[in-house]
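A, B, ... follow the sequence lines: proteins, then strands. Residue 1 opens every chain.
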Amino acid sequence: MLIFIKLGFRNVFRNKRRSLLTACAIGVSICALIITDGFMEGMIQNMVKTATSGLLGHGQIHHSSYIKNPEVEFVIKNPKNIESKILNESVIQSWSRRVYSLGMISSPRNAINTSLVGIDLRAEKKTTDIINYLTKGSFLPSENSVVIGRELEKKLGVQVGSKVVLTTTEAKTGELRQDVFRVSGVISFGSKKTDSSIVFVQIGKLQTLLSLGNNYHELVLNLGDPFQIDDQNNPFWKRLSFDNNKARSWATISPGLGAVVDMSALSISIISVIMGILMGLIIVNALFMAIFERLFEFGVVRALGTKNKHLMLTMLTESTTLGALSALFGIVLALIFGGLLAYYGIDYGGIEFNNVTFREPIYFIFKTHQWIVYPLAGVLFTTIVGIYPAIFTIRLNINRALKKTL
Amino acid sequence: MNKKVFEVKNICKDFGESRDTTVHALKNVNLVIQKGEFTALVGPSGSGKSTLLNIMSGLDLPTSGEVYLNDRHINTMASNELSDFRRDHIGFIFQSYNLIPVLTVKENIEYIMVLQNISAKERHERVGEILKTIGLEGKENRLPTQLSGGQQQRVAVARAIVAKPDIILADEPTANLDSKTGGALLEMMMGLNEEFNKTFVFSTHDQKIMDKAKRLITLEDGKIKSDEVLT
């Protein structure tokens with residue numbers, strides 16, 4: 001058997017230029033798959049990290065009714081129980097309370113509906129990066145300070161230091177409550193929608209305005225790695241869902257973002273199929289050229305008594321060797337390009353996609369599976385595709401092959 | 001008494017699909033080849049020499065008639081059976097050497113023995129012996145491209161006889177060789193014929209082979225015109 005494997009292996013190097021060009025073409029396809037995968041991974045990580053480092057966090061806990069109908073009265077039930085439970089979860093690195101309310105912000109020029117967000121600045125700093133989104137001023141230095149979105153700043157015609165009035169309704173009575181605040185800072189998340197409506201105030205101040213006492217609407221969690229427990233079916237989320245409160249991962253809270261992750265897997269599959277078809281055509285073409293070139297030789301080896309299985313083994317060794325060379329070439333090429341992309345990245349800064357604005361370049365992310373799955377799939381695929389030319393040689397008429405005709 | 005190796009009975013071979021275009025390449029050819037014969041099939045181009053060789057070897061099927069090798073009717077054999085039979089009983093020498101260029105001299109000669117499932121030890125011994133016989137000792141690890149045309153054709157002969165076939169069919173084996181090299185190859189094949197009683201059937205235009213042949217069969221227009229045993 002070894003002689004047929006040797007024959008198939010050495011046949012690859014008979015026409016070095018053709019084999020090299022074929023290996024290059026297939027290698028480029030494998031490289032493209034690896035690069036696409038790594039870049040998609042980079043894009044997803046960038047998107048998810050950007051989204052989860054902002055208001056979204058890695059997970060959130062709310063009163064179940066608040067999720068369906070975000071009314072002020074639906075505060076987290078038995079918050080002390082939840083907080084003590086959180087302390088037992090080692091995966092939670094930090095957490096922060098938030099209060100939300102709809103309201104109105106008024107300046108001498110304009111009055112605009114807003115989303116008021118009460119935050120615990122010290123805990124928030126440990127849990128999210130929202131402070132890094134501040135573009136002007138400082139982040140809530142005093143009880144009567146607010147941080148407003150950049151679009152809001154323009155619409156209200158205010159600047160850092162200006163006075164504004166916040167109006168909201170009390171949770172229990174529904175009575176209007178208002179207070180005067182000073183703009184301490186301007187923030188921008190890159191999303192026009194968010195920047196046109198968001199107003200941050202200190203949590204205690206908003207709790208007072210809403211007469212919520214120490215109650216709050218949201219617990220935002222920092223799990224270190226957003227992909228660690230992003231599956232909602234993980235028992236972790238069940239453990240934190242009790243007393244009519246529900247804990248959810250970022251992927252569940254922001255299904256659009258989760259869908260992008262799923263979509264990228266689908267995109268890779270589609271690209272893989274297209275590349276697979278291309279690789280198949282390339283390898284079949286190369287093998288058929290080799291067959292036509294060696295037609296007489298096939299006649300000779302058949303005349304000598306070479307059996308179908310031996311021809312099949314020779315041809316499949318040839319296609320597998322070609323596939324392996326291509327995979328090697330693809331890996332080297334992907335290492336070069338992937339390395340460059342991992343170092344320099346591609347700058348999509350400021351571009352918004354699915355309500356997430358990329359803040360830093362997208363880098364190629366190295367993952368073990370990229371260097372195993374795609375090259376191996378390439379080799380396996382070229383081997384399988386090699387069956388067709390192998391069957392062709394098996395069916396060759398010996399006499400015609402010896403006359404070099406089909 | 002000589003043993004009959006090959007028998008060809010009433011062989012006809014037609015080419016072409018319609019009655020108007022049909023070419024009768026062989027017409028009622030009858031032939032018996034005895035063991036140890038050194039036979040040359042001669043005749044002008046298109047006389048049917050190569051067609052007859054192809055049919056004798058089972059590479060092509062006759063339109064009618066029967067071919068027997070060692071009293072086995074080869075035309076009725078299934079493809080795989082015929083392939084095995086050919087491997088074990090017929091040696092081929094082609095016009096343009098047709099060694100496998102990526103295999104060494106040793107591997108080219110071994111190839112057919114691998115197909116016969118002969119052990120590595122025996123293969124090694126037989127390759128050593130045959131290389132000595134054809135005068136290519138020490139060249140076993142060379143690739144065919146590193147040999148001259150004559151040397152390559154010697155290896156082709158070695159490949160043909162190493163499997164110990166009953167008959168060796170050679171299609172113009174000296175056609176691509178110069179006169180001196182062709183002569184040397186012919187001497188070698190004659191030696192094999194005389195020393196080991198190997199049966200050779202050539203199709204040839206080479207006068208040297210015709211002169212040395214023990215039997216000369218002349219074909220013309222698909223028929224045997226003459227069949228002479230020479231002394």
Side-chain angles (χ1 to χ4, degrees), chain A residues 1-19 287 290-322 325 391-406, chain B residues 13 15 25 50-51 53-62 78-104 106-118 120 123 143-145 156 159-160 162-163 165 168-171:
Chain A
M1 285 297 160
L2 192 64
I3 199 160
F4 304 107
I5 294 170
K6 260 188 208 173
L7 185 55
F9 180 79
R10 291 180 194 169
N11 275 338
V12 174
F13 303 96
R14 279 172 81 158
N15 191 329
K16 290 190 183 76
R17 185 185 301 170
R18 186 176 59 221
S19 294
L287 287 177
I291 289 169
F292 295 143
E293 203 175 80
R294 306 201 297 263
L295 209 52
F296 193 92
E297 195 177 303
F298 280 112
V300 171
V301 294
R302 292 292 277 170
L304 292 176
T306 306
K307 290 194 167 173
N308 294 350
K309 62 178 180 184
H310 300 136
L311 269 183
M312 179 67 85
L313 182 61
T314 303
M315 290 301 291
L316 291 189
T317 304
E318 194 168 337
S319 60
T320 307
T321 306
L322 208 47
L325 277 177
I391 289 172
F392 181 84
T393 56
I394 285 168
R395 289 184 177 170
L396 272 178
N397 179 302
I398 304 174
N399 200 28
R400 284 188 179 170
L402 287 170
K403 286 176 184 162
K404 295 187 189 175
T405 63
L406 293 171
Chain B
K13 179 67 183 178
F15 292 109
S50 295
T51 307
L53 273 189
N54 283 341
I55 288 173
M56 284 169 76
S57 61
L59 294 176
D60 204 357
L61 286 171
S79 166
N80 270 344
E81 190 189 1
L82 181 60
S83 177
D84 288 351
F85 195 77
R86 203 162 42 218
R87 178 196 68 199
D88 296 335
H89 298 280
I90 305 172
F92 289 96
I93 303 168
F94 299 95
Q95 188 174 326
S96 45
Y97 331 138
N98 290 108
L99 299 174
I100 301 166
V102 291
L103 297 183
T104 62
K106 180 175 178 263
E107 288 164 341
N108 263 291
I109 298 170
E110 264 192 323
Y111 187 88
I112 196 158
M113 290 190 283
V114 173
L115 294 172
Q116 288 178 316
N117 290 322
I118 291 171
R123 290 201 308 261
L143 290 170
T145 48
R159 182 177 64 183
V162 77
I168 293 134
L169 303 176
D171 189 7

Relative to chain B, which segment of A/Phe9 carries a heavy atom at a distance below 4.5 Å: side chain, backbone, both, or neither?
neither
Return the CD1 to CG distance between A/Ile398 and B/Asn54, rounded to the nearest 0.5 Å.
10.0 Å
Side chain to side chain contact (heavy atoms under 4.5 Å, CB included) evaluation trace for A/Ile3 with B/Tyr111
CA-CA 7 Å; A/Ile3 199 160; B/Tyr111 187 88; 4.3 Å; yes
When rounded to the nearest 0.5 Å, the distance separating NZ of A/Lys6 from OG1 of B/Thr104 is 7.0 Å
Within this structure, what is the NZ-CG distance for the pair A/Lys309 and B/Asn80, rounded to the nearest 0.5 Å?
9.5 Å
Which answer fits A/Arg294, side chain, backbone, both or neither, if we ask what part of it has an atom under 4.5 Å from a heavy atom of chain B?
neither
Are A/Phe13 and B/Val102 packed together at the side-chain level, in the sense that at least one heavy-atom pair is separated by less than 4.5 angstrom?
no
How far apart are the closest heavy atoms of A/Ala303 and B/Arg86, and which atoms are they?
O-NE, 3.4 Å
For residues A/Arg14 and B/Pro101, report the shortest heavy-atom separation together with the two atoms involved.
NH2-CG, 3.1 Å
If we define contacts as heavy-atom pairs under 4.5 Å, which of B/Phe85, B/Phe92, B/Phe94 has the most with chain A?
B/Phe94
When rounded to the nearest 0.5 angstrom, what distance separates CG in B/Leu115 from NZ in A/Lys307?
9.0 Å
Quick one, B/Ile100 with A/Arg10, criterion side chain to side chain contact (heavy atoms under 4.5 Å, CB included). Give me CA distance, side-chain angles, the key distance, then yes/no.
CA-CA 11 Å; B/Ile100 301 166; A/Arg10 291 180 194 169; over 6 Å; no
OG of B/Ser79 to CD1 of A/Ile394: how many Å apart, nearest 0.5 Å?
10.5 Å
Looking at B/Leu99, B/Asp84, B/Asp171, which one has more heavy-atom pairs under 4.5 Å with chain A than the rest?
B/Asp84
Given side chains that start at C-beta, do those of B/Arg159 and A/Leu304 come closer than 4.5 Å, heavy atoms only?
yes
Per-residue contact mode, B/Leu103 against chain A (heavy atom under 4.5 angstrom):
both
